[in-house]
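Some notes on the structure that comes next.
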Amino acid sequence: MTSRDDCAALDAKDTLAALREEFQLTEGEIYLDGNSLGPLSKTVRTRINEVLDDQWGRGLVRSWGTGWMAQPTRLGDRLAPLIGARPGEVLVADTLTFLLAKLVGGALQLRPNRHVVLTDVANFHSDIYIMEAMCRAAGRPITLKTIDRDSLESELNDDVALVELTQVDYRTGESLDLKGITTLVHDAGALMLWDLAHSTGAVPLNVEDAQVDFAAGCSYKYLNGGPGAPGFVYVRKSWQGVLQNPLPGWLGHARPFDFELAYEAAEGMQAFVTSSPSIIALAALDGALDVFERTTMEDIRAKSLALTDLFIALVHERLPGVFQLVTPLEHERRASQVALRHDEGYGVIQALIERGVIGDFRDPDICRFGFTPLYLRFVDVYDAVEQIVEVMRTEHYLDERFRVRSAVT
Ligand SMILES: Cc1ncc(COP(=O)(O)O)c(C=O)c1O
């Protein structure tokens with residue numbers, strides 16, 4: 001049996017322990033939902049205040065000329081190492097669904113003789129909605145086929161233009177093989193687009209080594225950029241200047257302040273900018289990225305696996321047979337969240353939230369627990385499981401109040 005003292009001993013040896021101080025966490029609460037919305041950090045507050053007081057407050061419109069315009073590409077370069085991209089391959093802008101629209105719309109024009117887009121039937125619904133819309137707008141008949149991702153190989157043929165997959169399944173936390181799948185897709189002559197929403201800042205990624213064509217992600221989950229924070233888009237160097245932005249706007253123009261009526265794309269990632277950058281939101285992300293410069297994705301990964309291993313082991317030890325583990329046990333297939341299935345999953349999560357353990361619920365029966373190594377301690381995992389044990393023992397999860405689901409689960 002693993003004891004709380006065993007967990008405290010792990011915390012004493014934890015090389016990331018000091019980073020917890022950077023975050024605003026509520027005393028008595030255990031936050032296991034950083035896979036949905038990361039917490040506020042001190043440097044976010046500082047950076048936002050600098051922008052408010054110095055740049056917007058005093059600099060006013062002059063600040064556009066002294067750094068604001070370059071923020072989307074500058075922050076892209078800061079974020080690039082987290083996904084294994086090179087400088088000049090990442091842009092921070094818009095939000096994820098919009099970025100997927102840009103990439104799908106552009107990619108479909110690169111394979112004009114192919115008529116199928118493949119995606120995972122278990123993909124996030126927003127990905128599917130926007131891909132359907134972009135397929136309809138492609139100017140030729142395109143079928144979006146939602147498949148069981150395990151059958152991808154047999155679905156690939158010379159009519160497939162593009163494959164889009166979410167690298168970490170938002171429900172189960174399963175991590176897909178970035179390089180293996182990208183290679184398979186390329187072997188069929190198709191293009192590969194990855195949604196990295198649940199991967200970035202959670203698992204080490206190497207888009208360069210995997211030869212990924214395009215990717216996009218969000219920054220409000222493991223990157224802690226704040227609610228509705230801007231997303232990021234990756235376009236491999238060799239596709240820049242070839243892939244067209246289907247949603248062009250003035251700031252993606254080569255000379256926006258010439259106010260020309262004919263569109264001419266800017267060079268590099270700037271071509272994927274459409275509108276004015278959200279400077280305050282970008283400042284928040286800028287601050288949020290500071291903490292990643294004090295560690296490495298490899299260290300984050302090692303602690304993440306130790307945390308999820310501990311959680312899984314404790315749930316098995318203390319609640320045998322109560323939940324069905326849907327997250328893979330194999331490390332190479334596991335990201336940084338653990339999903340437990342239970343018929344009363346919604347009630348379980350609500351009861352836990354009342355007890356200060358914040359996870360979330362995904363339809364139909366999945367309790368999700370995110371483990372962010374930057375601020376979670378091993379004792380937090382122990383205490384969270386203690387509360388799950390209590391919720392099940394007291395049947396708190398069956399409370400009448402949890403019969404009706406709230407709009408946000
Ligand atoms: C896998 C995945 N894709 C897409 C989205 C949509 O992101 P956005 O609201 O930034 O468009 C989300 C949101 O959580 C997501 O988890």
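The structure displayed is predicted, hence computed values, not measured ones. In each ligand, atom 1 is the first atom listed, and ligand 1 is the first ligand listed.
- For ligand 1, the atoms lying closer than 4.0 Å to a non-hydrogen atom of A197 are 1 (C), 2 (C), 15 (C).
- At a heavy-atom distance under 4.0 Å, no atom of L100 approaches ligand 1.
- Taking every heavy atom of T95 and a limit of under 4.0 angstrom, the matching atoms of ligand 1 come to 10 (O).
- Using a 4.0 Å cut-off to heavy atoms of T166, the atoms of ligand 1 that qualify are 1 (C).
- Annotation for ligand 1: atoms under 4.0 Å from non-hydrogen atoms of D127 are 3 (N), 4 (C).
- Residues T182 and W194 bring a donor and an acceptor atom of their side chains to less than 3.5 Å of each other.
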Audit row: E174, R333, salt bridge (charged side-chain N to carboxylate O under 4.0 Å, His left out) steps and yes/no: CA-CA 6 Å; E174 178 180 356; R333 290 180 59 222; 3.2 Å; yes

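- Ion pair K303/D14 flagged as a salt bridge, since at least one NZ, NE, NH1 or NH2 atom sits closer than 4.0 Å to an Asp/Glu carboxylate oxygen.
- Protein heavy atom in closest approach to atom 16 (O) of ligand 1: H198 NE2, 2.8 Å.
- Within ligand 1, the atoms closer than 4.0 Å to a non-hydrogen atom of K221 are 13 (C), 14 (O), 16 (O), numbered from 1 in the order shown.
- Note on E208 versus R236: no salt bridge recorded, every NZ/NE/NH1/NH2 to OD/OE distance being 4.0 Å or above.
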Steps toward ring pair (Phe, Tyr, Trp, His ring centres under 6.0 Å) verdict (F369, F311): CA-CA 9 Å; F369 301 97; F311 182 75; 5.2 Å; yes

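- The distance criterion of under 3.5 Å between nitrogen or oxygen atoms is not met by S126 with respect to ligand 1.
- A salt bridge links R20 and D380; the closest N-O separation between the charged side-chain nitrogens and carboxylate oxygens is under 4.0 Å.
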Ring pair (Phe, Tyr, Trp, His ring centres under 6.0 Å) between H198 and F124, intermediate numbers included: CA-CA 11 Å; H198 295 265; F124 196 76; 7.1 Å; no

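- Residue contacts with ligand 1 include Y220, since one of its heavy atoms falls under 4.0 Å from the ligand.
- On a distance-only criterion, C218 and ligand 1 share no N/O pair closer than 3.5 Å.
- At a heavy-atom distance under 4.0 Å, only side-chain atoms of D195, from C-beta outward, approach ligand 1.
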Verdict with supporting geometry, R86 and D77, salt bridge (charged side-chain N to carboxylate O under 4.0 Å, His left out): CA-CA 7 Å; R86 291 175 290 179; D77 287 348; over 6 Å; no

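- Within the 4.0 Å heavy-atom criterion, the part of F124 lying near ligand 1 is the side chain and not the backbone.
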Verdict with reasoning, D363 to R405, per salt bridge (charged side-chain N to carboxylate O under 4.0 Å, His left out): CA-CA 11 Å; D363 217 39; R405 286 193 197 170; 2.5 Å; yes

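- Shortest contact from atom 6 (C) of ligand 1 to any protein heavy atom: T97 OG1, 3.6 Å.
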